[in-house]
Amino acid sequence: MINVSRIRLKMRLEIKSYEQKYFNELCLVMDRARKQELQSEDLEEVFLPLRDAPYLGYFLSCKIYVAFEDGVLAGFVGFQPRELSFIYVDPIYQSKGIATELIKKALTELERPVRLEVFTDNERAKALYRKFGFERVNTLTEKWSDEFPIAFSQDTMELR
């Protein structure tokens, strides 16, 4: 019988400050995870690669930490004052505690209250955020854009 806890201990998770040299790897992680997120919401037609996304400048203005598992960039967190803006883990590295460690790292630097936005139906992500004490404070339903007038709903969650 294989001892799963021993296997997990052999994997090495390292969290580092973002550097420009990680950009290509980070884009791959973001694009894979974002596609997964949008597919689960039936919004795959609005997907844009990070390199082409209108929010790229905002993203790069965030404080970003990247997580490496056994030397491979597996996820990242990006935040602004009082806002957890981005948290993505490559689908092949999900369910290994990487998002938890990234959120812990970000929360050591964020003043309260901290807000984030998440698709209303993304129960998996919301369960993770609730573990840290985030609570839903608002739900907004709107259209994606004039080009893609698809309705979607997102929750604002807050940690006080």
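For clarity, every value in this text was computed on a predicted model and none was experimentally measured. What's counted below: heavy atoms across the whole structure, side chains too, no hydrogens, waters or symmetry copies.
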Inset, instruction - Over all heavy atoms of both residues, which pair between Phe47 and Asp31 is shortest? Give the atoms and the distance, please. - result: CE1-O, 3.7 Å
Inset, instruction - Please check if the distance between the ring centroids of Tyr22 and Phe68 is under 6.0 Å. - result: yes
Inset, instruction - Answer yes or no: is there a side-chain heavy-atom contact under 4.5 Å between Lys96 and Tyr93? - result: yes
Legend entry - Over all atoms of both residues, closest heavy-atom pair of Ser17 and Val66: O-CG2, 4.4 Å
Inset, instruction - For the residue pair Gln36 and Gln94, establish whether any side-chain heavy-atom pair is separated by less than 4.5 Å. - result: yes
Inset, instruction - Indicate yes or no for a side-chain donor-acceptor contact from Asn122 to the backbone of Ala125 under 3.5 Å, with no hydrogens or angles considered. - result: yes
Legend entry - Test side-chain contact (heavy atoms from CB on, under 4.5 Å) applied to Leu128 - qualifying residues, sequence neighbours left out: Ala99, Thr100, Ile103, Lys131, Phe132
Legend entry - Note, Lys16 side chain near Leu73 side chain (heavy atom, < 4.5 Å): no
Inset, instruction - Please determine if Asp90 and Arg32 form a salt bridge, counting it only when a charged side-chain N lies under 4.0 Å from a carboxylate O. - result: yes
Show every donor-acceptor pair shorter than 3.5 Å between a side-chain atom in residues 79-89 and any protein atom, with sequence neighbours excluded, or say none if there are none.
unit_1, atom_1, unit_2, atom_2, d
Gln80, NE2, Ser61, OG, 2.8
Arg82, NH1, Arg112, O, 2.2
Arg82, NH2, Glu111, OE1, 3.4
Glu83, OE2, Tyr58, OH, 2.2
Glu83, OE2, Ser85, OG, 2.7
Ser85, OG, Tyr58, OH, 3.1
Tyr88, OH, Arg34, NH1, 3.2
Tyr88, OH, Glu37, OE1, 2.7

Which side-chain N or O atoms in residues 149-160 pair as donor and acceptor under 3.5 Å with protein atoms at least two apart or in another chain?
unit_1, atom_1, unit_2, atom_2, d
Ser153, OG, Thr120, OG1, 2.8
Ser153, OG, Thr141, OG1, 3.3
Gln154, NE2, Glu117, OE1, 3.0
Asp155, OD1, Thr120, OG1, 2.9
Asp155, OD1, Thr139, OG1, 2.7
Asp155, OD2, Lys126, NZ, 2.7
Glu158, OE1, Arg160, NE, 3.3
Glu158, OE1, Arg160, NH2, 3.1
Glu158, OE2, Arg115, NE, 2.7
Glu158, OE2, Arg115, NH2, 3.2

Legend entry - Pairing of Glu44 and Lys35 as salt bridge, 4.0 angstrom limit: no
Inset, instruction - Return the set of residues passing side-chain contact (heavy atoms from CB on, under 4.5 Å) with Ala67 (not counting sequence neighbours), or none when no residue passes. - result: Leu13, Ile15, Ile98, Leu102
Legend entry - Those residues that, when tested against Lys104, pass side-chain hydrogen bond (donor to acceptor under 3.5 Å, both in side chains) (two or more places apart): Glu101
Legend entry - Phe59 CZ to Cys27 SG distance, which is reported to the nearest 0.5 Å: 7.5 Å
Legend entry - Close side-chain approach of Arg124 to Ser95, heavy-atom, < 4.5 Å: yes
Inset, instruction - Begin with the C-alpha distance, continue with both residues' side-chain angles, and end with the deciding distance and a verdict on salt bridge (charged side-chain N to carboxylate O under 4.0 Å, His left out) for Glu135 and Arg130. - result: CA-CA 6 Å; Glu135 297 177 355; Arg130 283 192 292 269; over 6 Å; no
Legend entry - Value rounded to 0.5 Å, distance of CE in Met30 from CG in Leu56: 9.5 Å
Inset, instruction - Answer yes or no: are there more than 12 heavy-atom neighbours, outside Glu142 itself, under 6.0 Å from its atom CD? - result: yes
Legend entry - Qualifying residues under side-chain hydrogen bond (donor to acceptor under 3.5 Å, both in side chains), relative to Asp146, sequence neighbours excluded: Lys143
Legend entry - Side chains of Val118 and Phe134 in contact at under 4.5 Å (non-hydrogen atoms): no
